[in-house]
Amino acid sequence: MTLAAQIKLIVADAVKHLFADADVKGVTITINQTKPEFEGDYTVVLFPFVKVLRMKPDALGAQLGTYLVEKTGIFTSYQVVSGFLNLTVNDNYWVNFLLNNFNNIHFGEKPGTDCRVMIEYSSPNTNKPLHFGHMRNIFLGAAMAQICKANGKQVVKANLINDRGIHICKSMVAWQEYGNNATPESTGLKGDHLVGDYYVKFNDVYKEEIAQLVAEGTDKDKAEKEAPIMKEAQAMLRDWEAGEMEVRELWQTMNGWVYKGFDDTYRKMGITFDKTYYESNTYLLGKNIVAEGLEKKVLFTKEDGSVWIDLTEDGLDQKLLLRGDGTSVYMTQDLGTARLKYDDYKLSQSVYVIADEQNYHMQVLKLILKKLGEPCADGIYHLSYGMVELPTGRMKSREGTVVDADDMIAEMISLAQTQTEQAGKSDGFTHAELAALYEMIGLGALKFYLLRVDPKKKMIFDPKESIDLHGYTATFIQYAHARICSILRKENVPLLPGNTKFQSTDFKQAITLAEKNIVVALEQYPDVLASAAEEYDPSTLCNYSFQLAQLFNTFYDEHSISKAENEEKKQLRLMMIIMTAQTLRHAMNLMGIKLPERM
RNA sequence: GGCCCGGUAGCUCAGCUGGAUAGAGCAUCAGCCUUCUAAGCUGAGGGUCAUUGGUUCGAAUCCAAUCCGGGUCACCA
C-alpha cells in the first residue's frame with residue numbers, strides 16, 4: 001500500500017479515537033501531496049470534518065496533528081494552514097523505503113491472478129498498408145496488454161484480420177485489370193503497399209466511370225451502382241463466397257503478399273500477437289446465435305424473413321441481425337466472434353481496441369449479447385480512441401492521403417540519426433550500436449507521441465512538422481536513463497539491478513528537497529501503474545515517467561553523486577538513481593519503449 | 001434532430017471520484033557547460049479553464065441550459 005493510502009487509514013483511525021462520540025463514517029478523507037510552497041509532504045483536508053465535529057479547523061488540525069506525530073512515528077512535525085493539515089514525513093520512512101525496494105525489479109507489479117483478458121488490437125484490412133492511425137491502435141493495444149500483465153492478469157493478445165469482403169475484391173479487380181501480373185518481387189514493392197496501390201487505382205477508375213456516366217446523363221446514385229468496375233468487384237465477391245477456384249487463388253496470393261508486408265511492419269514496431277483470427281473463418285459465425293435468439297424470442301422476424309432485435313426500450317433503434325436472404329451482416333459476425341473468443345480462452349474480460357467511430361456499434365454489440373444471455377457480455381470493454389487526423393481532415397486510404405506506417409518509422413529513425421550527429425554524440429559507438437540506438441530513439445519517440453495523450457481524444461498530426469525529440473518526449477526519459485547509467489558505470493555499480501549490495505545501513509543525514517521529491521515519486525509508482533490498467537490509459541504512465549525524469553534532472557543538476565558529501569550520502573543517492581532508472585525502464589518497457597545505457 | 005465525445009496559455013496537452021495562488025512541453029526572452037552526458041537545468045512573460053446560471057465553506061472539476069468542433073444513428077465493414 002502506498003503511503004498516501006496508509007495515511008488515509010491512519011487519519012480515519014485517529015479521528016475515530018480522538019472523537020469517539022462523533023459520527024464521522026460518512027466523511028470522505030482527502031489526502032493530497034502538499035503543495036511545494038508549504039512545508040510538509042502530505043496534506044489532510046480538514047473542512048469535511050469541521051461540520052460533523054463542530055470544531056474550528058485550526059483547533060482540529062492541531063489536535064489531529066499532535067496525535068499523529070506522537071502516536072504513529074511516521075511524521076516528525078505538522079503545520080496547520082487555513083484548513084489544511086500539512087504533515088512532514090520522517091526521513092527514515094523514505095530511507096527505509098529505498099532500502100527495501102531499490103533492488104526490486106518487479107516494483108509496482110501486482111501478484112498474478114486467474115483473471116484472463118483478451119486484448120484485440122490492430123485488426124487490419126488486407127487491402128492496404130498500415131498507416132499512422134493504425135499505429136495509435138497497435139501501440140495502445142500492445143501497451144495495455146503489458147500493463148494488464150504487470151497488474152497480475154493473464155493476457156491473450158489477439159489480432160482479427162479483416163481478410164474478406166468487397167473492399168478486398170476492389171484491390172483484386174484493379175490488380176487483375178491494370179496489374180500486368182505485377183508482384184512484390186517484380187516491382188520491388190512491399191506486398192501490402194503493392195496491394196494498397198491497386199486499392200487506390202480502383203477508386204480512381206471508379207470515380208472516372210461515375211463522372212463519365214453522369215456526363216452521359218445518368219443520375220449520380222445510379223451511376224455509383226452501375227459503374228462497371230464496381231459491378232466487377234461485386235461479381236468477384238459473389239464468386240469468392242461461392243468458393244470459385246480462380247478467385248480464391250488470387251485472393252490467397254494477394255493476401256499472402258499483404259501478410260508478409262504486415263509481418264515486416266509489426267517486426268519493426270516490436271509487435272507480436274498470441275492469436276490471430278481471420279474473418280474469412282469467422283464471418284459465418286453468429287448465425288447460430290441468431291437462431292437461438294429467435295427460439296428465446298429475444299429476436300423477431302419481419303415479413304421479408306430478415307431478423308431483428310428491438311432495442312427501443314434501451315433508447316436505441318431496431319437493429320438488423322440477418323438479411324432476408326439469410327446472409328449475415330457485420331453485427332452477426334461480431335456476435336459469433338465474441339462467443340468464439342470466450343469459448344477459446346474462457347475469458348474474464350475481452351477488450352476491443354477500436355476507433356471511436358464505432359462507439360455505437362460496440363454499445364449495441366454488448367447490449368445484444370447481454371439480452372441473448374451470452375456469458376461473454378459482461379466482460380466486454382471497448383477501448384475507444386480518437387482518430388488521428390491530418391490538418392486537412394481525415395486520412396483516407398482510398399485517396400492515398402495517409403501517413404504510411406513504414407515511412408513514418410523510417411523517418412523517425414533517420415531523424416534520430418540526424419539529431420544525434422548534430423549533437424556530436426555519435427562517437428565511440430560501433431555501426432551496429434548506432435543502428436540500435438537510432439531505432440530506440442526514433443521508435444521510442446513515435447510510440448510516446450501516440451501514447452502520451454488521453455486515448456479518447458482525437459489527434460491532429462501535421463506531417464510537415466517532425467515529431468520533437470525535446471521536452472515531453474521519450475527521448476527526454478531515455479536521456480535521463482543514459483545519464484544514470486553513466487554515473488553507475490563511473491561508480492562501478494552494476495547497471496542491472498538486483499545484484500547491488502551496500503555495506504552501510506545507518507543513514508542519518510537529512511534528505512534534501514530534490515532528493516525527497518524523487519523518492520516520493522518512486523513510492524507512488526504502484527498506484528500509477530494500477531490506475532493505468534483500471535482506466536485503460538497508458539498516458540498516465542507517460543506523464544509519470546516524464547515527471548520522474550524531470551525530477552531526476554533537477555536533482556542531477558543540484559547534487560553530485562560521485563562527489564557526495566560523504567559515503568553515506570553517496571550510497572543513498574546511488575540507491576535513488578538505481579531505482580529511478582529501474583522504474584523508468586519498467587514503465588517505458590510496458591509501452592514497448594527501450595532505454596539506452598548510452599546516448 | 002436523437003445519442004456519444006471533446007472545448008484549459010500563441011500551439012500541443014496534464015489536471016476533472018470538488019480543496020490552498022490552474023500546471024507541463026513547444027514557441028518567445030534572459031541566464032547556466034575547466035566539475036557524474038547542456039537531447040539538460042534555472043528564471044521571465046503568456047489564462048474570462050467556451051458562455052450563462054445553479055449546488056457548496058470551497059467549482060477547471062458536480063448539475064442545468066446555451067454556443068462551437070467531431071463522431072454516429074446502413075440490409076457497408
Side-chain angles (χ1 to χ4, degrees), chain A residues 28 30 32 34-35 37-38 43-48 50-51 57 81-84 86 123 125 127 162 164-168 279 283 302 304 306-308 315-317 319-325 327-334 355-361 363-364 384 386-387 389 393-394 416 419-420 422-425 441 445 449 452-454 456-462 465 468-480 482-491 539-540 542-544 546-547 549-550 552-564 573 577 598-599:
Chain A
T28 45
T30 310
N32 294 329
T34 305
K35 301 244 164 198
E37 55 268 37
F38 300 101
T43 295
V44 184
V45 184
L46 298 171
F47 298 105
V50 169
K51 234 182 206 171
V81 184
S82 57
F84 298 91
N86 298 333
S123 303
N125 294 338
N127 61 339
N162 194 324
R164 62 159 286 282
I166 189 74
H167 49 297
I168 312 294
E279 205 186 276
Y283 82 109
K302 288 194 178 175
D304 63 353
S306 57
V307 181
W308 297 73
L316 305 171
D317 300 321
K319 191 84 193 167
L320 176 85
L321 296 184
L322 215 54
R323 294 189 186 102
D325 63 6
T327 56
S328 53
V329 291
Y330 182 37
M331 187 61 80
T332 327
Q333 295 175 36
D334 271 7
D356 61 6
E357 59 183 353
Q358 296 204 39
N359 284 356
Y360 181 74
H361 174 79
Q363 188 192 348
V364 171
S384 165
M387 315 271 279
E389 296 181 7
R394 284 173 72 159
Q419 301 225 359
T420 305
Q422 267 175 17
K425 298 202 172 194
I441 295 173
Y449 180 86
R452 69 182 185 179
V453 296
D454 183 343
K456 68 173 175 290
K457 291 202 177 181
K458 78 168 185 203
M459 342 183 23
I460 293 171
F461 175 70
D462 190 344
E465 289 171 26
D468 213 327
L469 300 184
H470 301 271
Y472 186 27
T473 61
T475 317
F476 182 96
I477 295 159
Q478 289 168 325
Y479 185 62
R483 277 175 142 183
I484 291 173
C485 291
S486 171
I487 298 168
L488 297 180
R489 270 194 302 273
K490 187 174 169 182
E491 293 298 321
S539 76
T540 56
C542 292
N543 241 302
Y544 173 84
F546 176 67
Q547 276 167 26
Q550 227 174 6
F552 166 76
N553 280 332
T554 303
F555 159 81
Y556 177 90
D557 210 57
E558 289 177 17
H559 302 300
S560 172
I561 285 96
S562 304
K563 295 181 184 165
R573 287 179 185 166
I577 65 169
R598 221 152 44 101
M599 65 187 283

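Chain naming here is simple, since letters A, B, ... match the order of the sequence lines and numbering starts at 1 in each. Hydrogens, waters and symmetry mates play no part in the numbers below; they use all other heavy atoms, side chains included.
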Review point. Could you walk me through whether A:Thr473 and A:Asp468 pass the side-chain hydrogen bond (donor to acceptor under 3.5 Å, both in side chains) check?
Key: CA-CA 7 Å; A:Thr473 61; A:Asp468 213 327; over 6 Å; no

On the side chain of [X], is there an atom forming a donor-acceptor pair with the base of [N] - under 3.5 Å, no angle test?
X: A:Thr473; N: B:A39; result: no
X: A:Thr43; N: B:A20; result: yes
X: A:Lys425; N: B:U37; result: yes

Check nucleotides 2-11 of chain B for protein N or O atoms closer than 3.5 Å to its own N or O atoms and list the pairs.
residue	atom	partner	partner atom	Å
B:G7	OP1	A:Lys457	NZ	3.3

Counting only side-chain N and O atoms of [X], is one of them less than 4.0 Å from OP1 or OP2 of [N]?
X: A:Arg394; N: B:G69; answer: no
X: A:His361; N: B:A77; answer: no
X: A:Ser539; N: B:C13; answer: no
X: A:Tyr472; N: B:G25; answer: no
X: A:Arg452; N: B:U12; answer: no
X: A:Asn553; N: B:G40; answer: no

Whole angstrom is fine here: how far is it from [atom1] in [X] over to [atom2] in [N]?
X: A:Tyr479; N: B:U37; atom1: OH; atom2: C1'; result: 4 Å
X: A:Phe476; N: B:A39; atom1: CZ; atom2: P; result: 12 Å
X: A:Glu465; N: B:A27; atom1: CD; atom2: P; result: 11 Å
X: A:Leu469; N: B:G25; atom1: CG; atom2: P; result: 17 Å
X: A:Asp468; N: B:U12; atom1: CG; atom2: C1'; result: 11 Å

Review point. Is it the case that A:Arg483 places NZ or CZ above or below the six-membered ring of A:Tyr556, under 6.0 angstrom from the centre and within 45 degrees of the axis?
Key: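 A:Arg483 over A:Tyr556 ring: yes.
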
Listed nucleotide nearest any side-chain atom of [X], set [options]:
X: A:Gln550; options: B:C41, B:C76, B:A20; result: B:C41
X: A:Lys458; options: B:G69, B:G71, B:U56; result: B:G69
X: A:Phe546; options: B:A77, B:G25, B:C36; result: B:G25
X: A:Arg483; options: B:A77, B:U72, B:U37; result: B:U37
X: A:Thr475; options: B:G25, B:C36, B:A39; result: B:A39

Check your understanding: For the residue pair A:Phe546 and A:Phe476, does the interplanar ring angle fall in the parallel (under 30°), tilted (30 to 60°) or perpendicular (over 60°) class?
Key ->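 The rings of A:Phe546 and A:Phe476 sit tilted, inter-plane angle from 30° to 60°.
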
Check your understanding: Is the ring of A:Phe47 stacked on the base of B:G58, with centres less than 5.5 Å apart and planes under 30° off?
Key ->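 Base of B:G58: not stacked against A:Phe47.
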
Taking the [atom1] atom of each, how far is [N] from [M], in whole Å?
N: B:U37; M: B:U21; atom1: C1'; answer: 37 Å
N: B:G25; M: B:G15; atom1: C1'; answer: 15 Å
N: B:G45; M: B:G10; atom1: C1'; answer: 12 Å
N: B:A30; M: B:C67; atom1: C1'; answer: 41 Å

Point to revise | Positive for salt bridge (Lys or Arg N to Asp or Glu O under 4.0 Å) with A:Asp454, one of A:Lys458, A:Arg452, A:Lys456 | key: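 Considering A:Lys458, A:Arg452, A:Lys456, a salt bridge (Lys or Arg N to Asp or Glu O under 4.0 Å) with A:Asp454 is found only for A:Lys456.
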
Exercise for review: Please tell me if the side chains of A:Arg323 and A:Val329 come closer than 4.5 Å, counting only heavy atoms from C-beta onward.
Suggested key: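 Contact flag for A:Arg323/A:Val329 side chains = yes.
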
**Study point:** Toward the 5' end of RNA chain B, by each residue's nearest nucleotide, A:Val81 or A:Ala549
**Key:**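 Its nucleotide being nearer the 5' end, the pick is A:Val81.
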
**Study point:** Residue mapping more 5' on RNA chain B - nearest nucleotide basis, A:Lys35 or A:Gln419
**Key:**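 Whichever sits nearer the 5' end wins; that is A:Lys35.
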
Point to revise | Ionic contact status for A:Arg394 with A:Glu357, cut-off 4.0 Å | key: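 Result for this pair is yes, salt bridge flagged.
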
Practice item. Classify the glycosidic conformation of B:C33 as syn or anti, calling it syn when the angle lies within 90° of 0. Key: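 Syn, which is what one calls it when the glycosidic angle falls within 90° of 0.
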
